[in-house]
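Working notes, beginning with the structure itself.
In this chain, numbering begins with 1 at the start of the sequence shown. Bear in mind that the values here come from a model prediction, so they are computed numbers and not experimental data.
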Amino acid sequence: MAYNKNDITKALETITAPGEGKSLIESGAVKNIVTFDKEIIVDVTIANPSLQAKKKIEVEIMKAIHQEIDVKADVKVNVTSDTKNEPFKPEKPKVPGIQNIIAIASGKGGVGKSTITSNMAVSLQKMGFKVGILDADVYGPSTHLMFDVANARPLSIEIDGRSKMQPIESYGVKILSLGFFTDANQAVIWRGAMASKALNQMIFDAHWGDLDFLLIDLPPGTGDIHLSIVQSVPVTGAVIVSTPQNIALADAKKGVAMFKQENINVPVLGIVENMSYFTPAELPNNKYYIFGKDGAKNLAEDIGTAFLGEVPLVQSIREAGDVGHPVALQDNTPLEIAFAEITKNTLSQLVKRNTDLPPTEIVRITTMSGCSTK
């Protein structure tokens with residue numbers, strides 16, 4: 001019997017290529033369909049170069065044809081990738097249902113950015129907002145550990161006929177992290193393009209639902225991941241995290257400069273100073289300024305942005321993160337109040353930003369070095 005190509009095309013309309021945000025038919029990924037007697041050959045080109053993505057598409061196409069056309073059909077799928085060695089450029093830059101996207105960044109590693117992100121998310125949730133966290137630190141993810149869901153695995157659910165990832169929910173916060181998909185004892189050794197593709201999938205192939213805030217925990221530095229984020233989604237604003245010491249502040253300035261670059265132009269909502277001072281449990285009124293004093297506050301003043309607040313260096317914050325129970329979950333403790341104050345200050349700056357400035361546009365990057373726009 002001869003198979004109808006229109007029927008095959010219709011069967012493939014329910015399949016979404018990893019990271020594409022559209023069906024294989026909508027995106028033009030299906031390049032050719034050939035039928036001969038009981039044989040069906042489908043040629044597909046996708047952006048994701050990974051073997052997992054290619055195998056996933058092959059299996060889904062065969063399954064769809066066997067279910068919708070003929071279970072006995074001899075199906076052959078030829079999957080190729082078309083990558084241009086540049087950050088991904090999704091056709092739909094805005095993630096449906098998400099009102100505000102806040103990037104939490106720092107120019108330097110080890111300043112407690114993930115701790116700030118986790119506790120801000122909890123504080124927002126306690127205020128009644130719907131919140132999600134995207135752990136974009138693909139080489140060193142930690143959000144899944146801080147929320148005690150290290151062994152969880154996102155499920156695949158069907159939304160409008162398409163397969164989507166269901167974020168893991170903990171303490172009322174929706175979470176996606178590469179830590180859910182990788183072996184805890186195995187290093188992620190990817191080039192920038194591969195890391196960007198993985199991040200793309202976690203943004204656009206996930207069912208986030210309705211969120212007031214999506215907090216993006218960025219990796220240290222100003223590299224591929226940062227460019228991929230601002231190129232793919234309109235980031236409402238950025239929060240910079242630093243410690244008071246001069247070395248950390250020097251890198252924080254670079255983080256601010258990246259977001260303020262003319263072709264990126266993401267508003268910086270303010271700076272949070274972490275590890276501001278050490279207070280021993282037995283001497284709660286004593287403050288020891290181990291890393292210097294008021295460094296981030298002075299930086300905020302120098303560059304004309306808001307100082308959002310400070311967090312002390314205390315053992316209980318570390319312990320809470322290690323056991324997966326952020327300290328902001330506590331009630332009426334100094335640390336809970338500190339994170340609530342930082343979050344309120346961030347919200348104040350966000351309201352001002354949304355009142356005074358137009359919505360952020362995604363960045364059209366043509367080169368990794370120049371960040372020139374199209």
Side-chain angles (χ1 to χ4, degrees), residues 93-105 112-136 142-144 146-149 152 154 159 164-177 202-204 206-218 229 233-241 266-272 274 306-309 311 317 320-321 324-357 359-360:
K94 182 172 175 60
V95 185
I98 299 178
Q99 300 303 312
N100 297 281
I101 299 175
I102 309 297
I104 314 295
K113 178 170 38 58
S114 297
T115 296
I116 300 298
T117 302
S118 299
N119 284 284
M120 282 184 65
V122 169
S123 296
L124 286 167
Q125 193 278 332
K126 290 174 72 172
M127 292 175 188
F129 294 108
K130 296 178 181 178
V131 189
I133 295 178
L134 173 65
D135 189 350
S142 57
T143 302
H144 62 303
M146 291 188 169
F147 280 83
D148 195 25
V149 286
I159 302 295
K164 294 281 187 178
M165 282 185 289
Q166 179 70 56
I168 299 298
E169 188 166 330
S170 179
Y171 308 126
V173 177
K174 294 181 179 180
I175 303 164
L176 271 183
S177 168
M202 289 197 293
I203 295 174
F204 293 99
H207 178 59
W208 290 101
D210 293 327
L211 293 181
D212 297 303
F213 297 96
L214 176 65
L215 305 186
I216 302 181
D217 184 6
L218 288 170
I229 287 291
V233 294
V235 177
T236 314
V239 171
I240 306 298
V241 180
V266 171
V268 175
L269 302 177
I271 298 177
V272 175
N274 194 25
F307 180 66
L308 301 174
V311 179
I317 296 180
H325 193 272
V327 292
L329 289 167
Q330 302 169 3
D331 291 323
N332 299 318
T333 65
L335 292 173
E336 188 264 349
I337 294 171
F339 281 112
E341 189 66 23
I342 289 170
T343 304
K344 289 175 184 177
N345 290 338
T346 302
L347 290 176
S348 296
Q349 293 301 315
L350 182 64
V351 170
K352 182 179 179 182
R353 174 257 178 274
N354 287 343
T355 301
D356 297 345
L357 299 175
T360 305

Review point. Would you call Ile229 and Ile203 a side-chain contact if the rule is heavy atoms closer than 4.5 Å?
Key: yes
Exercise for review: Can you measure from NE2 (His207) to CG (Leu176) and round to the nearest 0.5 angstrom?
Suggested key: 12.0 Å
**Study point:** Nearest heavy-atom neighbours spanning Ile104 and Lys113
**Key:** O-CD, 3.2 Å
Study note, to complete from the structure: Output for pair (Phe204 CZ, Met165 CE), nearest 0.5 Å, gives 11.5 Å
Check your understanding: side chain to side chain donor-acceptor pair (under 3.5 Å) with Thr236: which residues, sequence neighbours excluded?
Key -> none
Practice item. Quick one: pull up CG in Leu211 and NZ in Lys174 and give me the separation to the nearest 0.5 Å. Key: 5.5 Å
Review point. Any idea which heavy atoms bring Asn274 and Gly112 closest together, and the distance?
Key: ND2-CA, 3.5 Å
Review point. What residues, two or more places apart in sequence or in another chain, satisfy side chain to side chain contact (heavy atoms under 4.5 Å, CB included) together with Thr143?
Key: Ile133, Asp135, Phe147, Ile175, Asp217
Check your understanding: How far apart are the closest heavy atoms of Ile101 and Ile98, and which atoms are they?
Key -> CG1-CG2, 3.8 Å
Point to revise | Atom pair OG (Ser170) and CD (Gln125), whose distance is rounded to the nearest 0.5 Å | key: 10.0 Å
Check your understanding: Under 3.5 Å, side chain of Asn100 to main-chain N/O of Asp212, donor-acceptor pair present?
Key -> yes
Review point. Do Thr115 and Ser118 touch side chain to side chain, with heavy atoms closer than 4.5 Å?
Key: no
Point to revise | Heavy-atom pair of closest approach, residues Ser123 and Ala340 | key: OG-N, 3.9 Å
Check your understanding: Would a 4.5 Å heavy-atom cut-off, applied to side chains only, mark Phe339 and Val122 as touching?
Key -> no
Practice item. Would you please name every residue forming a side chain to side chain contact (heavy atoms under 4.5 Å, CB included) with Thr333, sequence neighbours left out? Key: Gln330, Leu335, Glu336
Point to revise | Ala103 versus Leu218, closest heavy-atom pair with distance | key: CB-CD1, 3.8 Å
Check your understanding: In Å, rounded to the nearest 0.5 Å, how long is the span from CD of Gln99 to CG of Asp210?
Key -> 7.5 Å
Exercise for review: Verify the neighbour count for atom NZ of Lys130: are there more than 12 heavy atoms of other residues, nucleotides or ligands below 6.0 Å?
Suggested key: no
**Study point:** Gap separating the CG atom of Leu215 from the CG atom of Leu124, nearest 0.5 angstrom
**Key:** 6.0 Å
Review point. Can you tell if the side chain of His144 reaches within under 4.5 Å of the side chain of Ile168, non-hydrogen atoms only?
Key: no
Check your understanding: Is the backbone N or O of Val327 less than 3.5 Å from a side-chain atom of Asn119, with the two atoms forming a donor-acceptor pair by type?
Key -> yes
Review point. Who pairs with Thr360 by side chain to side chain donor-acceptor pair (under 3.5 Å), at least two apart in sequence or on another chain?
Key: Arg353
**Study point:** Pairing residues for Asp331 by the side chain to side chain donor-acceptor pair (under 3.5 Å) criterion, not counting sequence neighbours
**Key:** Lys126
Review point. Does atom CG of Asp356 have more than 12 heavy-atom neighbours from other groups under 6.0 Å away?
Key: yes
Check your understanding: Which residues pass the side chain to side chain donor-acceptor pair (under 3.5 Å) test with Glu169, sequence neighbours left out?
Key -> none
